[in-house]
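Keep in mind that what you see is a predicted model, and the values were worked out from it rather than measured. Side chains included, hydrogens not; waters and symmetry mates left out as well; all remaining heavy atoms used.
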Amino acid sequence: MIDKIRVTIDVIIHATEDISKIYQSFKELLNLKEENFTIHETTGHFENQIIILNAKMVKKEAQNFMKKLLGLLSIEQINQLIEEIEERTVDSRFHMRLDKQELVKGNLAFREKDSIKIKIYAPIYNKKNTVKIFTEIFQIAN
């Protein structure tokens, strides 16, 4: 199943944040280069600039990303993801959020607010297999 996954990453960068630090962190920790991201610029409520970064990976690229990501997470963090599969999965997509500020510091931590949104899609044809399939995916780092 791991060979059929797709991964998308969304990051909102506010005018007060340094986009180069975000890129550098993705490159150093997760082997994602600036070219992997598309940039969308918009304006916030107070006319401040907001940049939205988006990356999409499929097949081998998605597998490599997941192996790298899971290799950086602790056993406790992976177990937490496995325990939360049912709550975090909608329509075959597992949703997780990483702390943006911790990423810049070189750490991976889960956080719901001001976060990096990661969606992992795996084709699941029977909903009762959701936990089994995502558990297999999260254990590939071991």
Side-chain angles (χ1 to χ4, degrees), residues 1-124 127-142:
M1 190 55 63
I2 185 71
D3 57 330
K4 296 180 181 175
I5 66 169
R6 294 187 308 231
V7 177
T8 60
I9 300 171
D10 295 305
V11 186
I12 296 173
I13 301 173
H14 301 278
T16 57
E17 297 174 313
D18 186 350
I19 191 170
S20 65
K21 287 183 180 179
I22 304 285
Y23 281 138
Q24 182 179 353
S25 300
F26 272 114
K27 184 177 179 185
E28 290 174 1
L29 286 175
L30 299 167
N31 291 338
L32 288 179
K33 299 181 181 102
E34 192 172 331
E35 306 83 70
N36 293 104
F37 292 92
T38 56
I39 298 174
H40 306 282
E41 293 186 29
T42 189
T43 306
H45 181 70
F46 298 105
E47 301 301 318
N48 53 319
Q49 180 187 20
I50 295 175
I51 297 172
I52 302 170
L53 298 180
N54 178 269
K56 293 181 181 174
M57 295 161 274
V58 295
K59 298 181 182 175
K60 195 70 174 167
E61 188 180 20
Q63 288 176 49
N64 291 338
F65 171 81
M66 287 302 299
K67 286 178 184 173
K68 186 71 175 166
L69 174 69
L70 293 168
L72 294 170
L73 294 175
S74 69
I75 297 297
E76 293 80 20
Q77 288 172 310
I78 292 172
N79 288 339
Q80 179 184 348
L81 292 177
I82 291 169
E83 288 171 15
E84 296 174 356
I85 288 172
E86 289 181 328
E87 301 95 72
R88 293 182 171 275
T89 305
V90 178
D91 298 329
S92 299
R93 281 180 186 76
F94 182 88
H95 297 258
M96 67 186 288
R97 295 170 186 243
L98 296 176
D99 187 316
K100 189 175 11 168
Q101 302 309 318
E102 285 298 315
L103 181 83
V104 171
K105 294 176 188 174
N107 305 314
L108 293 183
F110 302 132
R111 181 163 179 199
E112 293 302 313
K113 296 193 179 200
D114 192 31
S115 58
I116 296 163
K117 297 173 188 154
I118 300 175
K119 288 180 243 163
I120 305 155
Y121 170 82
I124 299 172
K127 191 171 181 168
K128 70 180 182 179
N129 293 331
T130 301
V131 172
K132 177 180 175 270
I133 290 170
F134 278 109
T135 299
E136 289 172 6
I137 290 170
F138 294 142
Q139 292 177 338
I140 62 167
N142 297 337

Exercise. What's the spacing between M96 CE and E84 CD if we round to 0.5 Å?
Worked result: 10.0 Å

For this session: Kindly say whether K127 contributes a backbone atom to a donor-acceptor pair with the side chain of T130 at under 3.5 angstrom?
Result: yes

Exercise. Side chain of D99, backbone of E102: donor and acceptor closer than 3.5 Å?
Worked result: yes

Exercise. Which value, rounded to the nearest 0.5 Å, describes the distance between K68 atom NZ and L29 atom CG?
Worked result: 7.5 Å

Exercise. So, E136 side chain and I133 main chain: donor-acceptor pair closer than 3.5 Å or not?
Worked result: no

Exercise. Do you know the tightest heavy-atom contact between V7 and A62?
Worked result: CG2-CB, 3.9 Å

Exercise. Does atom CG of D18 have more than 12 heavy-atom neighbours from other groups under 6.0 Å away?
Worked result: yes

For this session: Please say whether more than 12 non-hydrogen atoms of neighbouring residues, nucleotides or ligands are located less than 6.0 Å from CD in E86.
Result: no

Exercise. Does the Q77 side chain pair with the main chain of L108, one donor and one acceptor, at a distance under 3.5 Å?
Worked result: yes

Seminar exercise, completed: Note: I137 and A122 closest approach over all heavy atoms is CD1-CB, 3.8 Å

For this session: Flag the pair Q63 / E61 as yes when at least one side-chain heavy-atom distance between them is below 4.5 Å, and no otherwise.
Result: no

Exercise. Got a second to check how far I5's CD1 is from F94's CZ, nearest 0.5 Å?
Worked result: 12.0 Å

Exercise. Taking all atoms of both residues into account, what is the closest heavy-atom pair of F138 and I78, and its distance?
Worked result: O-CG2, 3.6 Å

Exercise. Between D10 and K117, is there a salt bridge with N-O shorter than 4.0 Å?
Worked result: no

Exercise. Without hydrogens or angle criteria, can the side chains of Q80 and E76 be said to hold a donor-acceptor pair below 3.5 Å?
Worked result: no

Exercise. Atom OG1 in T38, atom CG in N54: separation rounded to 0.5 Å?
Worked result: 4.5 Å

Exercise. Is any NZ, NE, NH1 or NH2 atom of the basic residue among K33 and E28 found under 4.0 Å from an Asp or Glu carboxylate oxygen of the other?
Worked result: no

Exercise. How long is the gap from CE on M57 to CZ on F65, to the nearest 0.5 Å?
Worked result: 4.5 Å

For this session: Ignoring hydrogens and angles, tell me if any N or O in the side chain of R97 forms a donor-acceptor pair with the backbone of I116 under 3.5 Å.
Result: no

Exercise. Between E17 and K100, is there a salt bridge with N-O shorter than 4.0 Å?
Worked result: yes

Exercise. Hey, what do you get for CG (L69) to NZ (K67), rounding to the nearest 0.5 Å?
Worked result: 13.5 Å

